[in-house]
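The next block holds one structure in the form of structure tokens; read it before the comments.
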Amino acid sequence: MSDRANQLIGDILRRIHEAIVENDVTYEEYQAAKQWFIDVGEAGEWPLFGDVYIEHVVEEHSFANREGSQGTILGPFHLPDAPVLEAPFELPHRPDETGDKTVFRGRVTDADGNPLANANLDVWQADAEGRYSSFMPGPPEGNLRGQVRTDADGRYEVRTVIPGPYTIPLDGPTGKMTAAAEWSPWRPAHIHLIVSAEGHEPLVTQLFIDSSDYLDSDVASAVKPELIVHPEPTGDGGFAFTYDFALAPARTPAMA
Ligand SMILES: [Fe+2]
């Protein structure tokens with residue numbers, strides 16, 4: 001591993017050094033950057049910064065040749081151990097949850113289209129105002145988070161509300177850096193999923209709502225055209241859309 005560390009850390013530092021020279025970085029700017037590193041740590045924002053500005057390249061590069069459906073970034077707002085729901089599957093929500101009701105359904109298959117029974121869909125999303133439970137004030141713990149299983153034909157169905165777009169936190173150092181560069185802090189409306197089944201690679205992905213603003217300017221650069229969904233009105237004030245997931249076979253474990 002030391003060869004790898006030598007190569008990778010050396011390369012990253014060399015590129016930082018080049019950027020300093022090419023941009024005539026001053027001592028004041030270096031000191032400001034150092035303070036910013038400290039601020040990010042003290043605010044607990046390294047996961048946010050990494051997932052917003054770096055993760056998408058790791059995801060695109062790691063899975064460039066994977067079979068099956070497209071994935072995208074995990075992001076910093078997933079919580080493990082969301083409750084496993086009972087059919088009919090409806091994400092836990094407040095009695096007066098705002099936002100357009102929607103149902104989404106589809107199939108989970110292997111890369112050849114064979115249905116995967118008892119596949120697990122771990123679903124989490126912001127509310128209609130763009131707030132995640134446990135991370136932002138407003139929604140109660142566990143709101144709009146849950147795990148859903150496919151039936152014998154690999155079919156699933158989830159009832160929820162259409163989430164709203166949201167900004168990364170504006171008050172913290174990541175938001176301040178984003179503002180300093182005059183970049184948009186917005187993420188388009190999306191639903192996160194991890195789709196998994198025995199013998200298959202878990203698929204970490206997001207479904208983006210086609211009517212949302214910011215699809216072309218996602219601060220986290222996570223939108224892919226294959227992940228945009230099209231909710232249609234169902235005539236009762238709600239919406240519905242479909243999405244099928246195809247999972248790649250599990251990677252062969254490395255030899256010990
Ligand atoms: Fe998100």
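One-based numbering, in listed order, for ligands and for the atoms of each. If you're wondering where the values come from, they're calculated on a predicted model, not measured in any experiment.
For the Fe ion (ligand 1), the set of protein N/O/S atoms nearer than 2.8 Å consists of Y132 OH, Y166 OH, H190 NE2, H192 NE2, ordered by chain and number.
Contacts of T174 classified as side chain to side chain donor-acceptor pair (under 3.5 Å), with partners at least two apart in sequence or in another chain: E45. Every residue was checked against the side-chain contact (heavy atoms from CB on, under 4.5 Å) condition with V57, not counting sequence neighbours, and none meets it.
Separation of the F245 and Y243 ring centroids falls under the 6.0 Å cut-off.
No side-chain donor from either of T167 and R187 sits under 3.5 Å from a side-chain acceptor of the other.
For residues 78-103, the set of pairs meeting the ring-ring contact (aromatic ring centres under 6.0 Å, His included) definition, not counting sequence neighbours, comprises H78-W124.
Open room surrounds CD on E141; 12 or fewer heavy atoms of other groups in view lie less than 6.0 Å from it.
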